[in-house]
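These notes concern the structure reproduced below.
Keep in mind that what you see is a predicted model, and the values were worked out from it rather than measured. Counting starts at 1 for both ligands and their atoms, in listed order.
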Amino acid sequence: MPALAPPSPGPTSPSRTLLTAALADAPLRRALDASDNAVVMTNSSKCVVYINEGFTRLFGYQPAEVLGRHLSEVLLGPHSDPDLLASIRGNVLAKGSFRTDTLLYSKAGQPRWVSLVINASDESSGGPGGSISILTDITLTKMHEVLQTHVLEGMVNELPLPELMALVCREVERIAPEVTASILAVDAQGRLHPLAAPSLPATISRALDGLAIGPKVGSCGTAAFRNAPVVVTDMATDPLWADYQELFAPSGMRACWSSPIRDHWGQPIGTFAFYFREPRAPDALHQRLVDVCLHLCALAIERNSTHERIHQLAFFDVLTGLPNRALFRSSGERALADLQRGRHTGALLFLDLDRFKQINDTQGHAAGDALLSEVAQRLTQGLRARDLIARLSGDEFVLLLSECTTEQAVQSAQRVLHDIAQPLDIFGQTHVPHASIGIAMFPNDGDTIDTLLRHADQAMHQAKSDHRHSLQLFSAEMNRRAQERASLERALQQALSDRSLTLHYQPQVLSSSPGTLHGVEALARWNHPQWGMVPPSQFIPVAEDAGLIHELTLWLLDEACRQLAAWRAAGHDVPCVAINLSGRSFHRPEFAQEISDALQRHGLRASDVLLEITESVMMDARPVTLQNIEALHHQGFKLSLDDFGTGYSSLSYLHRLPISELKLDMAFVQDLTTSATARALTVSVLSIAHSLGMVVVAEGVETTGQQQWLQAHGCPVMQGYLFGKPLPSDEIEAWLCAQAPRPYR
Ligand code: C2E
Ligand code: CA
Ligand code: CA
């Protein structure tokens with residue numbers, strides 16, 4: 001019968017004497033006494049007839065205090081399992097034995113986790129007719145097993161820190177049920193933040209959040225402040241608790257022992273507290289529990305901050321501290337789902353700084369970084385709690401405004417533009433940052449973050465091209481154009497790789513002898529299988545933006561050279577071919593070389609081509625551009641300045657660079673007969689060019705009136721429909737033949 005079972009009346013077994021006799025055997029007794037396990041024997045009345053010394057060591061009772069009593073009177077305590085006796089009775093009766101892990105109490109009232117094994121000791125087999133129980137102290141094992149295993153498992157499974165800490169508290173309270181545990185974090189500013197206190201009222205945690213540690217801040221705030229454990233045996237009288245009694249009184253807690261949780265530098269990063277319902281100090285078990293837990297808590301909290309740091313690096317922009325694109329997309333999608341549920345509208349604002357690159361290039365990256373940080377701060381200041389912000393890349397920022405109408409979005413964007421445009425000082429220089437904003441509305445302009453981003457980006461580009469420092473709402477028209485552009489881009493890429501572009505050539509004739517060629521200008525033509533002829537005014541800008549222009553230039557250079565060599569081989573006198581170059585090609589260090597390679601492939605010389613550049617190339621201050629221009633000049637190439645008069649070029653550049661030809665823009669030529677200003681400007685261009693030794697080519701000459709005026713004012717070369725449209729190569733041959741008799745050059 002079980003040792004812990006209540007007594008049942010019955011005759012005292014005669015075998016008791018047998019047993020006592022056996023135990024009188026000295027070697028057996030010594031062996032039993034040396035064991036760390038507690039050994040208990042009961043008789044058939046369930047009264048204790050024997051305990052070993054291990055029992056006394058474990059529970060603190062002398063034999064005289066236990067013999068003749070029922071064990072249940074002795075060992076059960078306030079938090080013992082109430083169903084324990086019933087389980088023992090049932091199992092021992094049915095199977096003759098029972099084992100379990102359970103909580104018992106020592107004489108001093110200290111909890112002991114024990115592994116209990118009970119065997120019925122049959123009178124027929126010489127037993128006392130009761131039971132033999134062996135109790136092994138597993139308090140420590142239990143602590144380690146439960147805490148270590150569970151907490152480490154929790155860490156491996158990425159449990160959030162508060163959950164992990166709650167698990168520690170609950171396990172501690174299970175092992176030592178008289179304890180109420182609480183764990184607080186201490187932040188870098190020395191403020192407390194509750195992590196877990198599953199058995200304390202939530203009002204307490206809320207009240208403690210953000211409390212600064214100090215010399216008189218309860219047990220925890222003081223323990224963190226002192227970086228040493230604080231034992232308060234009576235919260236009601238201890239001065240450390242003076243300010244917090246009211247808060248804790250309803251909880252019924254009377255004593256509190258708090259220990260700092262330290263990081264591996266020894267600094268307090270949290271506190272671990274044991275509360276008791278009666279005034280008291282912690283005991284040895286509590287001390288052991290805390291030792292194990294502090295270590296685990298430190299591990300978990302430190303690990304969490306490492307995780308947070310990694311998260312910070314993965315999802316936040318280092319320079320501005322703003323969320324990055326990845327975080328914006330995930331939190332943005334959640335925000336859109338919320339808007340959807342509430343049937344609200346929202347707005348995505350896509351902001352791009354104007355001329356940021358210029359600041360970065362001219363004043364250095366430190367200045368650029370300072371500007372970006374300031375802009376980020378200005379943007380953040382105007383935000384409501386429910387809005388989202390991110391830095392996407394470089395000088396691009398996005399805002400997601402929740403519950404926002406189109407009118408409100410426009411107002412917000414105007415306010416943002418205004419806020420950003422306040423002067424700021426960067427390294428002693430005053431800047432007024434300007435930005436352009438595109439707006440896409442949820443859900444009308446898109447119902448996913450990606451679509452909204454794309455559409456707001458398109459609107460931003462529109463704002464930029466209209467005029468900088470403005471805002472633009474996305475429109476379906478804009479989207480149609482953007483999509484057209486995207487398909488144009490794909491088709492152009494295809495055309496380039498298929499080599500299905502062609503070149504037309506437009507004659508440039510001498511004013512003095514319009515049948516004589518000065519040269520021909522090669523102009524790209526694209527005949528798309530479905531769309532028909534796509535005008536260069538449409539596909540050249542697409543090629544520029546899509547980064548295809550250089551490939552196109554290299555192709556047309558090769559093709560024009562091939563054609564010129566072919567004409568010459570066929571006996572046609574084409575003095576030179578003019579080729580339009582893009583400014584972007586000049587950013588490639590190898591460009592000058594690529595041009596001379598193309599000529600070499602076809603056996604031509606530098607003087608056989610005229611390289612048309614625009615004023616923007618001339619104004620480009622990049623060293624690589626200047627090096628290319630220098631190299632080309634050095635190799636004997638002639639540069640022609642296209643569309644002269646339309647740009648912002650200052651005449652002073654004209655002598656600095658090796659320009660040998662000016663192409664007077666069509667706009668002047670076409671106004672000659674009607675505008676005195678056009679005539680005056682043309683006259684001065686002609687005279688400047690003359691004095692600098694440059695040839696002027698008048699573009700777009702369509703009428704004999706224009707021709708006569710230009711000729712009279714000494715313009716040496718003309719190009720225009722009057723003399724010939726851009727023509728395929730074979731028609732140029734026909735044109736040449738039609739000019740016969742060709743004056744000899
Ligand atoms: P551009 O370089 O100013 O070329 C002259 C443009 O004026 C050509 O238009 C030509 O067809 C047109 N034109 C010539 N004479 C007359 C005339 O008497 N009246 C009128 N109304 N127009 C005339 P196109 O071929 O449409 O080229 C437009 C622009 O596209 C060119 O302007 C040039 O900037 C660019 N482009 C064309 N081909 C290429 C090329 O191969 N490479 C590069 N980078 N740009 C090119
Ligand atoms: Ca041109
Ligand atoms: Ca032109």
Exercise for review: For the Ca ion (ligand 3), decide whether Glu699 has an N, O or S atom at a distance under 3.0 Å.
Suggested key: yes
| field | Min N/O separation Ser582 to ligand 1 under 3.5 Å | value | no
### Query
If you draw a 6.0 Å radius around CD in Gln670, do more than 12 non-hydrogen atoms from other residues or ligands fall strictly inside?
yes
Taking the Ca ion (ligand 2) as the apex, Glu521 OE2 and Asp642 OD2 span an angle, rounded to 10°, of 180°
min-distance N/O/S atom, Glu612 vs the Ca ion (ligand 2), resolves to OE1
- Query: Between Arg415 and Asp419, is there a side-chain N and carboxylate O pair less than 4.0 Å apart?
  - Reply: yes
Under 4.0 Å from one or more heavy atoms of Val701, ligand 1 contributes atoms 18 (O)
Any heavy atom of Pro726 under 4.0 Å from ligand 1? The part involved is side chain
In plain terms, say whether Arg481 and Glu477 are close enough for a salt bridge, that is, a side-chain N and a carboxylate O under 4.0 Å apart.
yes
Contact region, Leu556 to ligand 1, non-hydrogen atoms below 4.0 Å, reads side chain
Hey, are Glu484 and Arg480 close enough for a salt bridge, meaning a charged N less than 4.0 Å from a carboxylate O?
yes
Check your understanding: For residues Lys464 and Gln472, is any side-chain donor paired with an opposing acceptor at under 3.5 Å?
Key -> no
